[in-house]
> 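After the C-alpha cells below, expect a handful of questions from me.
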Amino acid sequence: MAKEYNFREIEQKWHRLWTELGTYRVKEDASVPKYYVLNMFPYPSGAGLHVGHPLGYIASDIYARYKRLQGFNVLNPMGYDAYGLPAEQYAIKTGQHPEKTTFANIDRYREQLDKIGFSFDWDREVRTCSPDYYHWTQWAFQKMFNSYFDEELQKAQPIEKLIEKFKAEGCWPSDEKEQSDLLMQYRLAFLGETMVNWCPKLGTVLANDEVVNGVSERGGYPVEQKKMRQWCLRVSAYAQRLLDGLDTIDWSDSIKETQRNWIGRSEGTEVEFRVADSDASFTIFTTRADTMFGVTFMVLAPESELVEQLTTEDQREAVAEYVKYVKGRTERERMIDHKVTGVFSGSYAINPFTGEKNPIWISEYVLAGYGTGAIMAVPAHDSRDYAFAKHFNLPIVPLIEGADVSEQSYDAKEGIVCNSPAAGKTPYCDLSLNGLTVKEAIAATKRYVTEKKLGRVKVNYRLRDAIFSRQRYWGEPFPVYYKNGIPTMIPEECLPLELPQVDKFLPTETGEPPLGNAQKWAWDEAARQIVDKSLIDEKNVFPIELYTMPGFAGSSAYYLRYMDPHNDKALVSDEAASYWQNVDLYVGGSEHATGHLIYSRFWNKFLFDLGVSKKDEPFQKLINQGMIQGWSSFVFRLRGTNKFVSYDLLEVQYDNEAKKNRYFYQGQEADPVYADISMVSGNVLNVEKIREWTIEFRNAEFILNESGQYIVNQAIEKMSKSKYNVVNPDDICENYGADTLRLYEMFLGPIEQSKPWDVAGIDGCFRFLKKFWLLFWDKNGELAVKDEKPSADNLKTLHKLIKKVTADIEVFSYNTSIPAFMVATTELTQQQCRSREVMEQMVILLAPFAPHIAEELYHALGHETSVCDARWPQFDEKFLVESTVTLGVQFNGKVRFSMAFAPDAKPDEMVAQVVNSEEAKRFLEGHDIVKTIAVPGRIVNIVIK
RNA sequence: GCCCAGAUGGUGGAAUUGGUAGACACGAGGGACUUAAAAUCCCUUGACCAUUGCGGUCGUACGGGUUCGAGUCCCGUUCCGGGCACCA
C-alpha cells in the first residue's frame with residue numbers, strides 16, 4: 001500500500017511541535033537583516049473567523065516564510081483590535097461585561113488561527129483592551145496634548161516652547177483658565193467646540209470616516225450635525241506631510257489617490273472684502289482668482305459667525321428662519337438633495353478690484369468647515385453659483401472668450417480671459433487680465449493680490465481634525481481630570497489609568513456617558529490615585545474625564561508595540577525600534593483607506609517627531625487583499641402570512657423609486673428573508689433543515705415548484721453574521737486540511753481582487769497535494785527518494801519552478817505559482833524523479849505555501865531542523881539553456897510555420913537561421929526581403945515584396 | 001459630476017508587459033479499472049466549418065487607429081466595480 005497523505009495527523013503533529021520547539025519565536029539580532037511583515041489585526045467578533053480573514057494572513061504568511069528562507073530575521077506578529085461597539089452593545093443587551101465576550105471571542109479566533117498553521121510569534125500578541133497595551137495609547141495622547149505643530153519646522157514641538165514664545169512676545173496671560181484656552185488652540189490633542197457628527201441612536205459622536213452616505217457606518221443610523229465640546233486630534237496640521245509621504249511609499253495608486261482626495265489639497269487665494277457702510281470686513285477663499293471681475297454676489301455659510309454680524313435689521317427675521325431651516329436638515333438630507341436655497345443678509349461687500357457693491361447672501365451650499373466659510377460667487381464660471389444666480393435672478397458676467405453662459409456655467413479652467421477692464425481704467429485696480437490664459441491670469445492675480453496686500457496666497461486642505469472622544473464604555477479611558485474646569489493630565493508615571501467597572505453600560509439618567517456610572521472615578525491629586533466620586537468636593541479631588549477613546553486609538557501604533565510588547569518602561573525601546581524600523585509589508589483591506597491608514601500615518605509621524613518611531617512612514621509597502629464575499633440566500637415570505645414561495649414561481653418587478661426589486665406571487669407581495677447558507681445546496685433549499693433552524697420556520701408552509709424543490713434567490717454580498725452567509729474555515733480544515741485551504745485561497749485569484757467564496761474548485765488543490773505527497777513514497781509506503789544524480793529533465797523542471805515561484809512571490813502573484821507547482825509535479829511524476837537533491841528543493845519551495853506537508857516531508861528526508869530554517873533554492877539559468885524555444889515565423893502576414901531557436905540566440909543569428917532554412921527558401925524564392933524584425937530569443941518576422 | 005481601476009471560454013482565472021490567446025483548476029462529455037460506488041488514471045472541451053487524414057475561418061465588451069504583428073499602445077462608445085462629492 002502506498003503511504004497515505006494523512007493531513008489530519010501531519011497538521012496536528014506539527015502544530016504541537018512548532019509550539020513546543022518555539023519555531024516561530026523571533027529575537028532582535030543585529031547580525032541578520034530584518035523584515036517586518038504585518039497584517040491588520042482583526043476585531044474579534046462573535047461570528048468567529050470566516051474564510052475572508054485568512055486570505056490576507058495566508059498571503060503575508062507565505063511572504064514571511066519566504067523571507068525567512070532567504071535568510072531574513074522576520075517579524076510576523078498577530079494581535080487583536082479588542083475595543084469595539086458590538087461587544088458593548090451585546091453587554092447592554094445581556095449585562096455581560098464586554099471583556100468577557102471579547103476574551104471568549106479571542107480564544108475562538110486563536111483556536112481557528114492555530115489550525116491554519118501561521119508562522120506568528122504569539123509571544124508578541126497584543127490586545128488593545130489590555131492595560132499594558134493601552135498604557136501607551138494614553139501615553140501618546142498625553143504627548144500630543146503636550147505638543148504643538150511648528151509650521152516652520154513642519155514638526156511637533158513641546159508645548160513649553162510655545163509658552164516661551166508667548167512669554168517673549170508678551171501675550172502670555174496670567175490667568176490659568178486663559179492660559180489653558182490659549183494653548184488649546186495649538187495642542188495636537190485638544191478639546192474643541194466643533195461641529196460633530198452626532199448619532200442619536202448610538203448615543204455617540206463619530207469621526208468623518210465613520211459616517212458613510214450620511215449615516216453611521218455601523219448600524220446605518222441617521223447622523224446629525226451638532227456643536228459639542230470634544231477631544232480632537234489636530235490631524236490637519238500634518239496634511240502636507242501626509243500628502244508628501246505618499247510619494248515615498250509603495251502603495252497602490254488607488255489607495256494613494258483616495259488619500260489624496262481625502263486630504264484634498266487646494267491651492268488658492270484669500271481675498272479680503274470690506275462690507276459697505278460698515279467697518280466690518282471678511283475674507284474669502286478662491287482657486288479662481290482670475291474671476292475677480294465676474295463676482296456678482298457673495299455667499300456665507302449659514303453656520304458662519306459672520307451671519308450674525310452682517311445681517312441687517314430688516315432681514316433679521318428672514319435670516320433667523322432660514323438658519324433654523326438649515327439646522328433642521330440632517331447630513332443625509334443635505335447630501336441627497338442639493339436644493340437651491342438661501343436668504344439675503346441685507347449687507348453688501350465691496351469688490352476690491354472694481355469697487356462694485358455685491359449683495360451678501362446666506363446659503364447652505366457654502367460649507368462652514370472649509371476655507372473661511374464665505375465665498376465670492378462667480379456664476380458664469382461655477383455651476384453652483386450659476387444655479388443660485390438663476391434661482392434668485394442675480395446677474396451673470398462671463399469672463400472667458402467664447403464662453404456661452406446662457407444655459408450653463410463654463411467651469412473649465414481653460415480659455416482666454418476677457419471682460420476685465422483695461423489697466424488703469426478703474427480707480428481701484430490697474431490690473432488687466434485680458435488676453436491671458438486662465439492659468440496665467442490666476443498667477444497674475446495672485447501676484448497682484450499679494451503686492452497690494454488685498455489678501456494672500458493660501459493652501460487649503462479638506463482634511464479635518466479627527467474627533468477623538470466617544471460617549472461609550474468599551475474604550476480607552478482618557479488619562480485626564482478636570483481641575484476647576486481645566487483639563488489636566490494624570491502624571492505619566494501613574495499610567496495606565498484603568499477602565500473602571502460599572503454595573504450598567506448605558507448612559508446615566510442625567511445623560512452622562514456610561515463612565516458616569518462608575519462610582520470610583522475621581523482623581524486625588526495629592527495621593528496620586530483614583531478615589532470615590534463622593535470625595536470630589538474635597539481638596540485635591542477632581543472629576544476624571546467620562547469620555548473614552550475611539551476605535552482607531554488602539555490601532556494607530558500597534559505595529560510599534562509588536563517590536564517590544566513586554567516593555568513596561570516605554571512603548572518600544574530605542575534598540576527594538578532602531579532594529580525593526582517600520583513595517584516592510586502591510587496587508588489589509590482597502591476599506592481602511594481613509595480611516596486607520598490616515599490615522600496611523602498621522603500617529604506615526606507624531607511619534608517620529610518625538611524620536612520614538614524611526615521612520616516617517618509606518619508602512620512601506622501595502623497590499624490590499626480583496627474581500628471574500630459570501631453568497632447570501634433569500635427565501636420569500638408572502639406578506640402577512642407564514643407561507644414561503646419558491647423563487648422561480650415569483651414575478652419580479654423593479655421599483656424605480658425604492659431602487660429595488662419587488663416580488664409577487666399570484667398578485668400577493670412577498671418579502672425576501674435571509675436563509676442561512678448551510679441550509680442551501682446549489683440554489684435548492686433544504687426545507688427540513690430550515691424548519692429546525694429557527695422557530696419562525698418551524699410551522700411554515702413552503703410552496704414548491706413543479707419539480708418539488710424550493711429555489712432560493714442568491715446574491716453576492718459582504719460576509720456578515722447578519723446576512724447568514726458566513727463560511728468559516730474550520731470545515732475546510734477538517735475535510736481537506738489547512739495546507740489545501742491555504743493553497744486554495746491563494747489559487748482563487750489575484751490577492752487584491754474581491755471574489756465570492758466558492759468551494760467548487762478546492763478538489764484540484766487537494767489532488768495536487770496528494771500527487772506531491774506520492775512523489776516521495778513507493779508502492780510499499782517506503783521513502784522513494786534516493787541519493788541519485790538528477791537528470792537534465794529533473795533539473796530543468798526544478799529550475800523552471802524556482803524561477804517562476806521566486807518571481808511570483810516577489811510580486812504577490814501566488815495564484816500563478818500554484819499552477820506552476822502542479823505542472824512541475826506532473827512532470828516529475830512522469831520523469832519518475834527519485835533524486836534527493838531535486839525533491840528536497842521542491843519541498844523547500846512548497847514550504848511557504850503548504851508548511852505542514854513540507855515540514856513532514858523535509859523530516860522524512862532525514863532533516864532534524866525545521867524546513868523554516870532551510871535555504872531558499874537558487875535559480876540557475878544553465879539548466880534551462882539546452883532547451884529550445886519554438887516560435888512562429890510570419891511572411892508578410894500570410895505564411896506561418898515553426899522553427900526552434902536557442903533561448904540565448906542573437907537576433908541576427910535567428911534571421912540567418914530562418915532565411916537559410918529549406919522551408920523558408922521555398923517562400924522567399926522570387927521575393928525581395930523588405931525588412932526583418934527579430935526580437936532577441938523570441939521571434940522573427942520577414943516582410944517580403 | 002470628478003478621480004481611479006476593470007471587461008478574456010460554461011466558471012475561477014493565465015498570457016514572460018507588443019510576439020503561437022485561453023496556462024492551471026473547476027464543471028461537462030467519453031473511456032479504463034471495479035460486481036458496484038468512491039478514489040485513481042487517460043482522452044475531448046472558445047465558436048463555426050471540415051472531420052477520411054491534413055486542416056481552415058472567426059474570436060479577448062463595442063467602433064476606429066498605430067504596427068510586420070495588438071488581449072496588451074492611442075482615440076471614441078457602452079457596461080461593471082471602487083473612491084470623492086455643493087471643498088469655491
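These numbers come from the heavy atoms of this one structure, side chains and all, not from hydrogens, waters or symmetry mates. In what follows, every chain begins at residue 1, and chains take the letters A, B, ... in the order their sequences are listed.
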> Run the ring pair (Phe, Tyr, Trp, His ring centres under 6.0 Å) test against A/F273 and tell me which residues pass, sequence neighbours left out.
none

> Taking the P atom in each of B/A50 and B/G1, what is the distance between them to the nearest angstrom?
50 Å

> Taking only the P atom of each, what is the distance from B/C2 to B/U11 in whole angstrom?
33 Å

> Could you check how far CG of A/N6 sits from C1' of B/A39, rounded to whole Å?
16 Å

> Using atom P in both nucleotides, what's the gap between B/G9 and B/G59 to the nearest angstrom?
14 Å

> Nearest whole angstrom, please: distance from the P of B/G27 to the CD1 of A/I762.
12 Å

> Hey, which sits more toward the 5' end of RNA chain B by its nearest nucleotide, A/D253 or A/W262?
A/D253

> Only pairs at least two apart or in different chains count here, so list each salt bridge (charged side-chain N to carboxylate O under 4.0 Å, His left out) that has a residue in residues 746-772 of chain A.
none

> Could you verify whether a donor N or O on one side chain and an acceptor N or O on the other, from A/N624 and A/S590, lie under 3.5 Å apart?
no

> Whole angstrom is fine here: how far is it from CG in A/D808 over to C1' in B/A14?
11 Å

> For B/U17, does the O4'-C1'-N9-C4 or O4'-C1'-N1-C2 angle fall within 90° of 0, making it syn, or is it anti?
syn

> Determine the Euclidean distance between corresponding P atoms of B/A7 and B/A61; express it in Å to zero decimal places.
7 Å

> Return the value, rounded to whole Å, for the distance between atom OH of A/Y370 and atom C1' of B/A85.
13 Å

> If we take the C1' atom in both B/C43 and B/G56, what is their distance in whole Å?
24 Å

> Without decimals, in angstroms, what is the distance between A/E270 CD and B/A88 P?
13 Å

> Can a donor-acceptor pair be found, under 3.5 Å and without considering hydrogens, that links the side chain of A/S409 to the backbone of A/D411?
no

> CZ of A/R462 versus P of B/C86: gap in Å, rounded?
9 Å

> Between A/F297 and A/I360, is any pair of side-chain heavy atoms under 4.5 Å apart?
no

> When you compare B/U72 with B/G65, how far apart are their P atoms, in angstrom units rounded to a whole number?
14 Å

> Just jot down the ring pair (Phe, Tyr, Trp, His ring centres under 6.0 Å) partners of A/Y410, sequence neighbours excluded, or say none.
none

> How would you list, by chain and number, every residue that makes a salt bridge (Lys or Arg N to Asp or Glu O under 4.0 Å) with A/K800, sequence neighbours excluded?
A/E827

> Closest heavy-atom contact between A/T291 and A/M376?
OG1-CE, 3.6 Å

> Over all strands shown, is A/K339 touching base, sugar-phosphate only, or nothing at heavy-atom distances under 4.0 angstrom?
base

> Taking B/A14 as the reference, what is the distance to B/A23 when you measure between their P atoms (whole Å, please)?
13 Å

> For RNA chain B, produce a single dot-bracket line, 5' to 3'. Pairs: Watson-Crick or G-U wobble, both distances under 3.5 Å. Symbols: ( ) within strand, [ ] crossing, | other strand, . unpaired.
((((.((..(((......[....)))((((((.......))))))((((.....))))..(((((..]....))))))).))))....

> So what does A/R464 hit on the nucleic acid, given a heavy-atom distance under 4.0 Å: a base, only sugar-phosphate, or nothing?
base

> I want to verify a distance call: between B/C4, B/A88, B/G83, whose nearest atom is closest to the A/T286 side chain?
B/A88

> Report the nucleotide, chosen from B/U40, B/A88, B/C84, that has the shortest atom-to-atom distance to any side-chain atom of A/R767.
B/U40

> Name all residues meeting the salt bridge (Lys or Arg N to Asp or Glu O under 4.0 Å) criterion together with A/E257; count only those two or more places apart in sequence or in a different chain, and write none if there are none.
A/R260

> I'd like to check the salt bridge (Lys or Arg N to Asp or Glu O under 4.0 Å) partners of A/R288; sequence neighbours left out, ordered by chain and number.
A/D290

> Examine the side chains of A/S216 and A/E210 and answer whether a donor and an acceptor come within less than 3.5 Å of each other.
no

> Considering only heavy atoms, which members of residues 816-827 of chain A lie under 4.0 Å from some atom of RNA chain B?
A/T816, A/P819, A/M822, A/V823

> Give me, pair by pair, the N or O atoms of the protein and of nucleotides 11-13 of chain B that are less than 3.5 Å apart, along with how far apart they are.
residue, atom, partner, partner atom, Å
B/G12, O2', A/L748, O, 2.7
B/G13, OP1, A/Q753, NE2, 2.4

> Say we look at B/U60 and B/U35: how far apart would their C1' atoms be, to the nearest angstrom?
50 Å

> Please figure out whether A/E364 or A/T258 has its closest RNA chain B nucleotide nearer the 5' end.
A/T258

> Out of B/C26, B/C4, B/C41, which nucleotide sits closest to the side chain of A/E257?
B/C4

> Rounded to the Å, how far apart are A/Q259 CD and B/G82 C1'?
15 Å

> With A/E267, which residues qualify under salt bridge (Lys or Arg N to Asp or Glu O under 4.0 Å), at least two apart?
A/R265

> Name the orientation of the base relative to the sugar in B/G55: syn if the glycosidic angle is within 90° of 0, else anti.
anti

> If you look only at pairs with a residue in residues 361-378 of chain A, which of them pass as a salt bridge (charged side-chain N to carboxylate O under 4.0 Å, His left out), with sequence neighbours excluded?
A/R329-A/E364, A/R334-A/E364

> Write down the distance between CD1 (A/I255) and C1' (B/C3), rounded to a whole number of angstrom.
14 Å

> Under 4.0 Å, counting only non-hydrogen atoms across every strand here, what does A/V378 touch: a base, just sugar-phosphate, or nothing?
nothing

> Tell me every residue that passes ring pair (Phe, Tyr, Trp, His ring centres under 6.0 Å) with A/Y365, counting only those two or more places apart in sequence or in another chain.
A/F388

> If you check every side-chain atom of A/K770, which of B/C86, B/C4, B/A39 has the closest atom?
B/A39

